[in-house]
Number of protein chains: 2
Amino acid sequence: MKTSLEVLKQELLDNNIHLSHQRLKVLEYLIQNHNHPTVEQIFTDLHKDISTLSKTTVYNTLRVLEDAGLVRVITIEGTETRYDIEVENHGHFKCKSCGKIYDFEIDMNVLSSPDLEKFQISDKDVYFKGICPRCSQH
Amino acid sequence: MKTSLEVLKQELLDNNIHLSHQRLKVLEYLIQNHNHPTVEQIFTDLHKDISTLSKTTVYNTLRVLEDAGLVRVITIEGTETRYDIEVENHGHFKCKSCGKIYDFEIDMNVLSSPDLEKFQISDKDVYFKGICPRCSQH
DNA sequence: ATCAAGGTTGTAATGATTACAACTGTGCAG
DNA sequence: CTGCACAGTTGTAATCATTACAACCTTGAT
């Protein structure tokens with residue numbers, strides 16, 4: 001499994017990133033919660049276990065993980081930033097009614113454009129919005 | 001031409017939206033500036049002409065235009081919200097070096113996923129990031 | 001045992017966006 | 001003509017996520 005903790009820990013070590021207690025907890029949290037949590041959610045939940053945890057640390061850690069390419073930042077809406085363990089080939093759908101974000105499989109490799117011939121592309125994000133099945137059956 | 005002022009004015013009238021002076025100015029600005037301006041840029045530039053203009057009005061107007069489907073909101077980065085006259089079938093590329101946002105043509109209709117069979121999709125956004133040709137040559 | 005470097009913490013500052021209440025202008029009824 | 005109602009505009013204050021910063025803590029090497 002690609003998102004196993006052990007594999008990711010090794011990736012951090014390969015990137016010369018120190019595996020502190022807090023960082024591991026954030027990483028574990030993201031592995032166990034694929035529901036695209038916000039910083040607030042991550043902080044609130046982890047705070048129950050680590051009472052000394054600071055929100056700044058959560059921000060710092062997420063940036064470290066993002067820079068290492070382990071975590072994907074979802075900015076589908078300007079008002080909220082969400083985080084996701086990096087998984088290839090999927091887009092994000094946000095329901096305008098209930099607000100839930102769904103993953104969907106999509107082949108990013110198909111996504112290319114002659115306009116970008118000379119561009120170096122490092123990130124591809126696909127965001128859809130609309131109404132999810134649960135909300136549309138009202 | 002699809003983004004002509006006259007056509008868009010008619011669309012606003014069709015949506016029962018009053019064509020105030022300020023709203024027309026914002027609309028004109030977006031037609032003339034396809035460089036994905038922020039609220040700050042729109043406000044600063046228009047303020048030169050309309051000295052009484054309020055930033056709140058710019059926010060209000062952009063929301064009205066967005067709801068009417070004439071304007072597309074670009075949230076490629078959580079820190080900045082940008083606005084674009086609605087044009088079909090194009091994605092946005094942001095250069096991580098110079099920060100410029102480029103349009104590129106892409107066939108949104110190709111973008112679909114079996115996972116979304118029962119979803120009602122109303123918006124499709126494609127965001128790429130990387131290095132633009134101007135920044136990568138040296 | 002000591003020291004340096006990196007990591008963590010809490011508070012203060014920032015900055016974009018929204019809420020809100022007062023003001024303005026325009027069209028219509030009388 | 002006059003005044004009223006409504007939609008749009010304005011400016012300030014409030015909100016909220018994020019960042020800056022300085023002090024503190026941990027850990028590992030010498």
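Convention: sequence-line order gives letters A, B, ...; per-chain numbering from 1. This is a predicted model, so every value here is computed, not measured.
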A.B. asks: What string of B, S and - do you get for nucleotides 8-24 of chain C, 5' to 3', if B is base contact, S is sugar-phosphate-only contact and - is no contact with any protein heavy atom under 4.0 Å?
C.D. replies: SBBB----SBBB-----

A.B. asks: Same cluster for A:I131 and B:I121 if Ile/Leu/Val/Met/Phe/Trp/Tyr side chains link at under 4.5 Å?
C.D. replies: no

A.B. asks: Show, in sequence, the C-alpha distance, side-chain angles and deciding distance for B:R72 and B:D125, and conclude whether the salt bridge (Lys or Arg N to Asp or Glu O under 4.0 Å) test is met.
C.D. replies: CA-CA 10 Å; B:R72 172 176 288 247; B:D125 289 303; 2.7 Å; yes

A.B. asks: Mind checking whether A:F119 and B:Y102 have ring centres under 6.0 Å apart?
C.D. replies: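 Ring-ring flag for A:F119/B:Y102: true, centres closer than 6.0 Å.
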
A.B. asks: I need the NE2-C1' distance between A:H18 and D:dT27, as an integer number of Å.
C.D. replies: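 It works out to 7 Å between those atoms.
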
A.B. asks: Given atom CG of A:L19 and atom P of D:dG28, what is their separation to the nearest angstrom?
C.D. replies: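 Roughly 12 Å, once rounded to whole Å.
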
A.B. asks: For the rings on A:H90 and A:H92, is their centre-to-centre separation under 6.0 Å?
C.D. replies: yes

A.B. asks: D:dA17 P sits how many Å from A:L62 CG, rounded?
C.D. replies: 15 Å

A.B. asks: To the nearest angstrom, how far is B:D67 atom CG from D:dG8 atom P?
C.D. replies: 13 Å

A.B. asks: Quick check: are there more than 12 heavy atoms from other residues, nucleotides or ligands sitting under 6.0 Å from NZ of A:K118?
C.D. replies: no

A.B. asks: Over how many whole Å does the gap from B:L24 atom CG to D:dG8 atom C1' extend?
C.D. replies: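 B:L24 atom CG is separated from D:dG8 atom C1' by 13 Å.
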
A.B. asks: Counting neighbours of CD on A:E66 that are heavy atoms of other residues, nucleotides or ligands and sit closer than 6.0 Å, is the number greater than 12?
C.D. replies: yes

A.B. asks: Check the distance between D:dG8's C1' and B:L65's CG and give it to me in whole angstrom.
C.D. replies: 14 Å

